[in-house]
Amino acid sequence: MNSESARDCFLPLSSLLAKMPSLAEVRARSIYSRRLERLWIFVEEYYSDPDIRLKDAAKHSGVSPDHLNFLLNRFASTTFHDLLSRYRIEKCLELLYEKNYTLTEVYYRCGFNSATTFDRQFKKWVGCLPSGYKRLIVSFRETEGNKIANPDFCIKLLGF
């Protein structure tokens with residue numbers, strides 16, 4: 001995922017993703033650990049598998065689950081669960097922005113087990129429900145084109 005892709009996808013300024021460093025910045029902070037680099041490779045490859053767990057990531061990284069979370073906290077100020085959820089949501093944003101997938105296709109492709117989990121995580125990271133976000137994109141494309149000209153347009157459509 002490119003470093004600014006999620007930020008290019010109509011994020012409300014009040015969203016958690018808009019306030020946090022990009023995933024590229026988080027990854028850059030963790031380059032000092034070979035084990036965390038192995039974790040990034042694992043997440044990039046298996047994020048769409050709804051059954052991956054901390055123990056799987058730890059095994060792939062060559063450490064215990066507790067030590068992996070310790071390394072993530074120390075170098076990236078996050079946990080495995082938050083990193084995986086955020087990565088999945090940023091992939092969802094890309095799919096919703098770039099393609100005309102249904103929400104069911106999006107959450108399935110990004111490793112969520114259910115629409116409820118997807119909605120909860122999307123709201124946590126983006127600040128609105130996926131259905132509202134998709135309406136925003138559709139409305140924007142119908143009225144303005146592919147480049148954002150007015151950030152207030154997003155705020156108005158999302159109700160922020």
Side-chain angles (χ1 to χ4, degrees), residues 1-31 33 35-63 65-138 140 148 154 158 160:
M1 168 177 274
N2 94 29
S3 64
E4 295 302 318
S5 59
R7 284 162 170 65
D8 295 338
C9 297
F10 302 105
L11 284 176
L13 296 176
S14 61
S15 74
L16 191 55
L17 285 179
K19 294 176 184 178
M20 297 179 76
S22 70
L23 279 175
E25 292 168 11
V26 172
R27 186 175 187 169
R29 283 187 275 164
S30 63
I31 62 169
S33 170
R35 289 181 168 90
L36 288 182
E37 186 56 35
R38 286 188 217 139
L39 171 68
W40 279 100
I41 293 166
F42 177 80
V43 169
E44 288 171 343
E45 188 172 340
Y46 295 103
Y47 75 92
S48 62
D49 178 357
D51 296 323
I52 63 171
R53 304 284 182 257
L54 172 60
K55 68 179 183 171
D56 303 323
K59 183 177 180 181
H60 183 82
S61 301
V63 295
D66 289 339
H67 190 67
L68 181 59
N69 264 336
F70 168 78
L71 289 172
L72 279 168
N73 189 32
R74 181 171 180 213
F75 289 105
S77 302
T78 192
T79 64
F80 173 72
H81 182 264
D82 279 350
L83 176 70
L84 181 60
S85 295
R86 179 179 177 186
Y87 191 89
R88 286 174 169 168
I89 290 299
E90 290 200 21
K91 285 295 187 182
C92 290
L93 290 172
E94 286 180 12
L95 291 176
L96 287 169
Y97 183 74
E98 295 170 3
K99 308 269 189 220
N100 193 22
Y101 290 118
T102 67
L103 292 176
T104 303
E105 288 173 315
V106 169
Y107 84 72
Y108 179 75
R109 286 175 179 263
C110 293
F112 289 99
N113 283 325
S114 70
T116 304
T117 302
F118 175 53
D119 286 352
R120 186 173 359 101
Q121 289 297 317
F122 199 94
K123 183 154 176 79
K124 172 186 174 182
W125 292 101
V126 180
C128 64
L129 291 173
S131 56
Y133 183 83
K134 185 166 181 167
R135 276 194 308 274
L136 166 74
I137 291 172
V138 169
F140 180 75
I148 186 161
C154 298
L158 290 172
F160 291 98

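Just so it is clear, the values below take in all heavy atoms, side chains as well, and ignore hydrogens, waters and symmetry mates.
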With rounding to the nearest 0.5 Å, note down the distance linking SG in Cys92 to OH in Tyr47.
8.5 Å
Tell me if a side-chain donor or acceptor on Arg88 pairs with a main-chain N or O of Ser48 at a distance below 3.5 Å.
no
Between the main-chain N or O of Phe80 and the side-chain N or O of Asn69, is there a donor-acceptor pair closer than 3.5 Å?
yes
Supply the atom-to-atom distance Ile41 CD1 to Glu44 CD, rounded to the nearest 0.5 angstrom.
7.0 Å
If you compare all heavy atoms of Glu90 against all heavy atoms of Leu17, which two are closest, and at what distance to 0.1 Å?
OE2-CD2, 3.5 Å
Is Glu105 salt-bridged to Arg109, going by a charged N under 4.0 Å from an acidic O?
no
Look only at the side chain of Lys134 and the backbone of Tyr101, and say whether a donor-acceptor pair between them is shorter than 3.5 Å.
yes
Return the CZ to CZ distance between Phe118 and Phe112, rounded to the nearest 0.5 Å.
6.5 Å
Minimal heavy-atom distance between Ser85 and Trp125, with the atoms involved, is CB-NE1, 3.7 Å
Is any side-chain heavy atom of Cys110 closer than 4.5 Å to a side-chain heavy atom of Leu95?
yes
Any heavy-atom pair between the side chains of Val126 and Leu16 that's under 4.5 Å?
no
Quick check: does any side chain N or O of Thr117 sit under 3.5 Å from a backbone N or O of Asn113, one acting as donor and the other as acceptor?
no
Identify the heavy atoms of Cys128 and Phe122 that sit nearest to each other, and give their distance.
O-CD2, 3.1 Å
Please state whether the rings of Tyr87 and Trp40 are parallel, tilted or perpendicular, taking 30° and 60° as the class boundaries.
perpendicular
Just one of Asp82, Leu54, Thr79, Thr78 clears the side chain to side chain contact (heavy atoms under 4.5 Å, CB included) bar with Leu72, so which one?
Thr78
